[in-house]
Structures are given as structure tokens and as C-alpha cells.
Amino acid sequence: MTAGSDAVQDLLPLVFAAPNEALTKAESVLRHRPEPLHASVAHQVIGIWQRDFGDMRLALRHLRRARDWAARAGSADREADVLATLGVALVHSGRTRQGLDALGRGVRRGTGHTRARVLFRRAYSWWVLGHHKEALEDVRRAVPVLRQAGDVIWTARALTLRATVHLALGSVERAEADFASAEDLWAVTDQEHDKADAVESRGLAAFRSGDVPAALRLLDEAEERYAKLGTPTFMLSIRRCEVLMAAGLAAEALAEADTAIAELDSIGGQSTRKAELLLAAARAARQADDPATATARAGLAVRLFAGQRRAWWEAHARLVLIGARHAAGKRSGRLVRDAAAVAERLVELGAPAAPEAFLLAGRIALDLGRTTDAERHLAVAARSRRSGLPLARMTGWAAQALRAQAAGSTRGVLEACRRGLDVLDDHRMTLGASELRARATAQGAELAALAQRAALRSGGPRRLLVWSERWRATALSAPPTRPPADPELLSHMTAYREIAARAEETRMEGRPVPALEREQRRLERAIRSRTLHMRGEAHGDDTRFDVGRLLGQLGDGVRLVELAVVDGRVQVLLCGQGRVRRFEAGLLAAAETEAEHVQAGLRRLAHPGAQARLPVVEAAGRRLEELLLGPAAAHLGDGPVVIVPPGRLHRVPWALLPSLRERVVSVSPSASSWLRARETRPPWGGRQVLVRGPGLATGGAEVTRLAGRYGGATVLEHRDATVPRVLAELDGAGLAHIAAHGTFRTDGPLFSSLRMADGPLIVHDFERLGRSPYRIILSCCDTARFATVGADELLGLVTALLPLGTAGVVACSAPVNDAAVVPLMLALHEGLDAGLPLPEALRDARAAMPDDALHRATGWAFTAFGAA
């Protein structure tokens, strides 16, 4: 392109249609000694590229040259246009006063159509600074002129900006109307970067309207569009962090923010974006229970916002800073005053976060015993409980619950907690992915804890049982949304299985696999991303937990032991014989430590020659019983026992506890889950499926023997044991036995797997079943391991099966000796063949094992889940 070409004027719209092409052409113009007007355009294009995608120092250098060349060209409108671009760059670099001055001169220098464009850019700067009233006024003046001039691109930009300002002020409906109008205009342009920005903005609108899956989908789509253009995505990262936090993925939000900050620093990018990313990181760290990191990030954000004269943002950063200091244990009258001052400032600014600040002020005041101050602040926060998005209403109900607690009203606390958790229930069921449903419960943890504490103090064990159940294993109350018609997801899963199998084979050959591991991680991200996009369809279990119904099902012979944790101590709720009794046991932290010792002991006993460790493990089992059951152990009766532990204790080998060792014992994530399993009817026909995966030390010896026992069973082994074939046979089966290597993924529990002939069978695969087997036996290590997320939720192989129709599972919570597993499994099936339910058959199978350390430890490592 030569400097004299008419196409020079087209570089400005090109910078947001094809940014890198525009940059290359502008640099070419400057190499050919252009005339002043064309030099001004070329420098402006380079300045815009550097401002939005590169180094701010270079951006300012080029934009000042563009301004000087415009002045030499003698064009007032050209100079006004460059002043507007320069003003935005100055604002983004933290030089707020200079930026607004340049924008003001641009408004005065420009005329007509050009002046409207300058007004739009000043409105954008007002939005960056948090001056929303001024932003709306400038957009109001710009839009009619842009429309009259037939300027589709700039009209669409102005409508998108106005929608974004409406979102910041909480006006979702107005925002959606403007986004829709802008989208119609973008459809007839080739402005690919602006189109990507529009998709990103629609994602923000979806989030503000409460649709987290749609928000994640749209933000991912925007990222794909930006990637094709090769442009950075700092604003997208800020918005994604907000959505990830609402989805309960705070650790991921913190990682994304920190990565974006590092990238921004490496290119010398916009200081305004850095401040916003620091605020996002601080919020994420606070939600992830990392107050030290939250304090550091928020403190730096406050200083940057203050220097940039961004009062709106500074107030939000101060709110996070005060909250982080409170979470770190700081309590003072000054902290109350600071929180109250921030709350009042947020009210002045019209920020939707004001109730959150009043709630924080009230909390700190309560901690200090200042009930009058607390009531004043909490009363204001509680007003948000009646309207708005779910999380805002949750804030209001939390404030109302704290008010009732301070007033000594148990009834008021329980009513506020009930209403708040109902709000979260409705929100949770809009999420299709089981992971998001589980993580979302963290937002109700405080309300659940307040209710349990109030129920305990009111003295009624039935009431405590109801509230223990109210927020336990709720993610399992309905199956996750299944996307059988999503060809892209199925394609990703097939490719993932192939890559994982190749990586495993290569490792066994002793060769490095970095390229395969990178591709595996990429596919994992793609699968998870597609899964998180799913919107909920199920409405969950609308039937409230009924203590009477539970006691009726238990009858006189069965005892159900629900372990509730209140203020760190285990409360044992013993249900049976028509009543609920409460016993107090030990500290949860001590029980967790002892459980880890037991797990370590079982791992040792899985190897021959560890007989001397047996007394140590048994002694740990006795200590664990005292901590978990306390005096309740003496009141268990003689019949079967169902244990309902908190999520953090699901790896306890319950059969090791002395009072449970000779009993029929089963475990359930909640009493409600046990009731559902109890009432689940087996499928007609009761097909048996036996699966043998590759690489087992015993060759899956029990499968061959079991095939003889179940004459008509479907046996899948060798090349037949592929994931598609196994899933097809498992769907609707009456009994399934899978002998395969199990792998639990702490970094991604839904990628925990069983090894099949063609690769891993992962939890995501199980979630695609129409109905999982009525009974399933997993005779391999680590299949009963879970990740504890949210308030008290579990993610893992077993919990994927329970909502899909499985009434009983036998799985293993520790590494076991493969050879010792074979006789245990054969004895277990002998009991099932005699008509026994899984828990009783497992009890009898343990008793039939040789009385040595290896076989006893193997029996203790297996647990029966459910009620079949």
C-alpha cells in the first residue's frame, strides 16, 4: 500500500475487522513518506493496535504523532478523531486527567458525525472510569447522529457500550434490548473483532440474567473468535473470572486472572485492565479461602484505582480488601466503619454490590458484639432478599438470618435459611453439569451452617436431622443433563480416549509422552467446557425430606447413623425404632487425621509381609470409632446399619470400626439418597454384565469364574471391552461387575476412570447412560474415592451412578492386593446368588476370607453404597 492510496482511509475500520492486517498495512504506509493526512491515519492505526493489543508506551508515542500530523494536515475533524483515540489511551494508561482533557478537546474540535464518534469514545472512557451517568449522557447524544449518518459500525458500538453500562447498573432488560439491536447491525458488517466483542458482551448479559451455562458458552465462543484474530483477551478474562466465581470455580478464576496479569505485564499493556484483573484475582482468592492473597491483590488494586481516579472500581476493591481482612481474623471498630463507608459509597454510585458491603459491616459488628450497629447494617442488606439475581437474594437472606440470630429467634433463623436455600436450589437446577451443581452449593454453606447451629441449640434431634439433610448431597437429587445429540462433545471424548490409551501404552514402553499429555489436557479442557455449557433440565427431588418416612422405611431392625458437623464437632443422629436420638462425638479435624492414618495402614497391608502393621491399623480403627460414633456405638442394636457421613469422611473404611466389623453396613451420601435407592425397583429382566479390563495382575480371574456362575451373562473382555460396547451393555442392566484398573483424578474428579481395551471409561461417560445398572460391583482400587466440593458434595465414580438408577454399589476406597480381591469377589457373588442384598453379601464375604492381615485389609477396603 502506498501513501497516496485512497485505501489508507480504510485502515481505521480494518483495525477491528482484521487487526494484524491493518497493522502491517499502516507500517507499510509510513515507509513511503506519506502526506500528513495519511501519516496521521497510519500512526493512529498503529496506536490503536498497540493500545488494545500491545504496549501502551508505543501506543501513546504513535497517537501523539498522529495528533501532530493531523494538525499539520489542517483537518479539524481528523485532529478531533485522533484526540479521542489518544484520550482513551491516556485513560487506559492511568493518566485520567490528561485523557479526559484530550477527549474534551476532541468534542470541541469535532463537528457532526465526527463529533458523535468522539462522544462515543468519551462515553467509553466514562464507563472505564465507573462514571455511568456521564457515559449514558454521552451515548444519548451520539446515537441519533450516528444513526442519521447511516454509520452502522459506530452505532452498533454505541449500543453495545450502552448495554454494558446498563449491566453495570443492574438494568438487565435494557441491556438485552440494546445488545439485540447491536447484534442486528453487526450482522451486516465485517468487523470481526467487534463481533467477537459483541458475543462476549452477550455472555456478560446472560450471566447477569442468571444463566451461567449460557454465559460460559458465549465467553468460550468469543475466545475462539479472538484466537482466530490473534488478539489478546484481557477483558474477556475479567468477565470469565466473574462467571467462574459464580459457578463455584474460584481457584480457576484466580489462575486465569493471574495468568492474564502476567501476560499484560509482559507486553506493557493497559494499567486499567491490570487493576481490574487484580480485583478479579482478589475476589477469586477471597472465595477460595485465601485471605492473604486476596488482601495483597485487593490492596494493589485499590492503589491503582485511586491513582486512576476510578471511584466506582476503588469502592469495589475496598470492599474485597475489607472482606479479606475480616476473613483473616481481623476485628475492629475501624473495620466496621470502613465497611459501612464503602457501603454508603456504593449506594451513591448506584452499584448493585451495596447490599454485600452492608452485610459485611453487619457481620463484623456482630463479631464485636455491637448488636445495634449490626442490626442497622443488616437491615439494609436484607432488603435485597426480595428481588434481583439469585446470589443477590442470597445475600439478603443471609443478612436476615444473622438479624434473627442476633435477636435470639430460632424460628426467624430457620425461616431465613430455608428461603435463602430455596433461592439457591432454583439457581442450582438451571445448571446441567453435575460439577457445577455440586460446586454451587458452596454459596449456601453459611445458611446451612446457621440453620444447623440453630437446630442444635433448639434441642430437637429431628430438627437437626432435617437441616443436616437440607444441604447434603443435593447435587445427587437429580441426574445431570445428558447431551447425546452433541456430536462435538462425543468427538472430543472419542479423541480423548484414543490419546489417553496411546499415552498409557507409550509410558509402559518407557518413552516420554509430553506431546500426548498436552493433547490429552487440551481435550480434557474441551470436554469439560462443553459439559459446563449444558443448561439444567431436571427439577430435582421436589419432595422435602420427611423424617417419618425415613423411620418407616428403617423399621425396628435397621439403624441409620447420620453424622452432622456443627462448629467442627461431630453430632451423631441415630435413627431407628421410630425415633431420632443425638449423641456428641469428637472433632471432625481429629477424625480426618485418624482416617488418613487408617488409609496409610491399609495401603501397607495390601502387600504381603505387613502382618505386624495389623494391630496398629486396628488400634487406629478403635480411635476412629470413638471420634465418629462416640457413645452412639453402644446403641446400634443388632441389625443392619446405614452410615451417612459428611463428604470429608467418605474414605473411612467403616467395616474396620470395632462396633461395625461384624455387621451389615452400607454407606449413603444422604438419608434422602438412601430412601431413593431403597425405593428403586430393579429393571425387568435383570441382565448380568461382566467386564474385564486389560493389565490386571490376576488377569481379572474372577470374571472367568463368574461367567460360569451366570450362564446367560454378557461377558466383555479383551478387544470386546471397549468403552462404547461397555456403556451399551451397562445401560439398564440388573447387575454389572467390572474388573479393571481404576484411577482417581484429584485434579479433575470427573476424569476419574476405569481402564478399558480402547482407553479410559470416565465419569463423563457414565453420565451419558440412560439408566445405570441396578447393582454394580467395581473390584478395583480407588473406585470409592471422591473429591469433596461445594458445601458437602462429592464427585467421583460412585456418585455419578447413584442419580442414574443405581441402587447399590460395591467399591474400594484404598489400594488392594489384586490376588486377594478374587476370593472376596467370588464370595460376594455367592451371597448375591443366594438372594442377599449387597451389604449383607459383602459382610458374609469378608467373614469367608482367610484370617490373615492381607485378606482382612482387602475386605475392609471395600464398602457397600446405597440400599440394594
Side-chain angles (χ1 to χ4, degrees), residues 434-435 437-438 472-480 595 599 642-655 665-678 680 691 726-727 730 733 735-746 748-754 760-769 771-790 792-816 821 825 828 837-839 841-842 860-868:
S434 57
E435 179 181 358
R437 287 185 188 175
R472 184 190 290 263
T474 55
L476 305 184
S477 63
Q599 284 291 331
V642 181
I643 304 290
V644 180
R648 288 155 64 181
L649 292 175
H650 261 279
R651 284 196 73 196
V652 170
W654 298 97
V665 179
S666 60
V667 175
S668 181
S670 68
S672 299
S673 295
W674 182 80
L675 280 170
R676 284 194 297 274
R678 178 91 165 186
T680 299
V691 180
V726 169
L727 287 174
L730 291 182
L735 172 66
H737 180 108
I738 302 179
H741 279 300
T743 301
F744 178 74
R745 288 277 299 275
T746 55
L750 297 186
F751 287 95
S752 298
S753 63
L754 300 173
L761 171 62
I762 60 176
V763 174
H764 287 296
D765 288 311
F766 280 115
E767 290 186 339
R768 289 163 47 213
L769 291 172
R771 177 175 178 175
S772 56
Y774 177 70
R775 288 174 173 160
I776 186 165
I777 298 165
L778 304 171
S779 65
C780 37
C781 303
D782 285 341
T783 49
R785 288 187 63 187
F786 309 99
T788 305
V789 300
D792 196 20
E793 302 291 327
L794 297 165
L795 294 176
L797 283 168
V798 172
T799 54
L801 297 165
L802 294 176
L804 298 174
T806 293
V809 182
V810 166
C812 181
S813 64
V816 288
V821 168
M825 292 296 107
L828 171 64
L838 277 174
L842 181 58
W860 291 332
F862 281 88
T863 300
F865 296 86

Smallest separation among heavy atoms of R472 and P645, with atom names: NH1-O, 2.8 Å
Heavy-atom pair of closest approach, residues L727 and R768: CD1-NH1, 4.0 Å
Taking every non-hydrogen atom, the tightest pair across R651 and Q599: O-NE2, 2.6 Å
Heavy-atom donor-acceptor pair, E435 side chain to L750 backbone, under 3.5 Å: no
Plane angle bin for H650 and F865 - parallel if under 30°, tilted between 30 and 60°, otherwise perpendicular: parallel
Student check: side-chain heavy atoms of V809 and T783 closer than 4.5 Å: no
Result of checking I738, V816, L754, T743 against C780 for side chain to side chain contact (heavy atoms under 4.5 Å, CB included): L754
Results of side-chain hydrogen bond (donor to acceptor under 3.5 Å, both in side chains) for R745 - residues two or more places apart only: E524, D747
Gap between atom CH2 of W674 and atom CD1 of I643 - 0.5 Å precision: 12.5 Å
Closest heavy-atom pair and its distance - T680, A807: CB-CB, 4.1 Å
Closest contact, heavy atoms only, R775 versus P837: NH2-CA, 3.6 Å
Flag side-chain contact, heavy atom, 4.5 Å: S752 against R785: no
Evaluation steps, side-chain contact (heavy atoms from CB on, under 4.5 Å), between V667 and V652: CA-CA 10 Å; V667 175; V652 170; over 6 Å; no
By side-chain hydrogen bond (donor to acceptor under 3.5 Å, both in side chains) - contacts of T806 (at least two apart): S772
Tell me which donor-acceptor pairs under 3.5 Å the side chains of residues 794-804 have, and how far apart each pair is, sequence neighbours excluded?
unit_1, atom_1, unit_2, atom_2, d
T799, OG1, L794, O, 3.3
T799, OG1, G796, N, 3.0
T799, OG1, G796, O, 3.2

Close side-chain approach of H741 to S753, heavy-atom, < 4.5 Å: no
Closest contact, heavy atoms only, A864 versus P839: CB-CA, 3.8 Å
Flag, side chain of S668 to backbone of V644, donor-acceptor distance under 3.5 Å: no
Note, T863 side chain near V665 side chain (heavy atom, < 4.5 Å): no
side-chain contact (heavy atoms from CB on, under 4.5 Å) assessment of R676 paired with S673: CA-CA 5 Å; R676 284 194 297 274; S673 295; 3.2 Å; yes
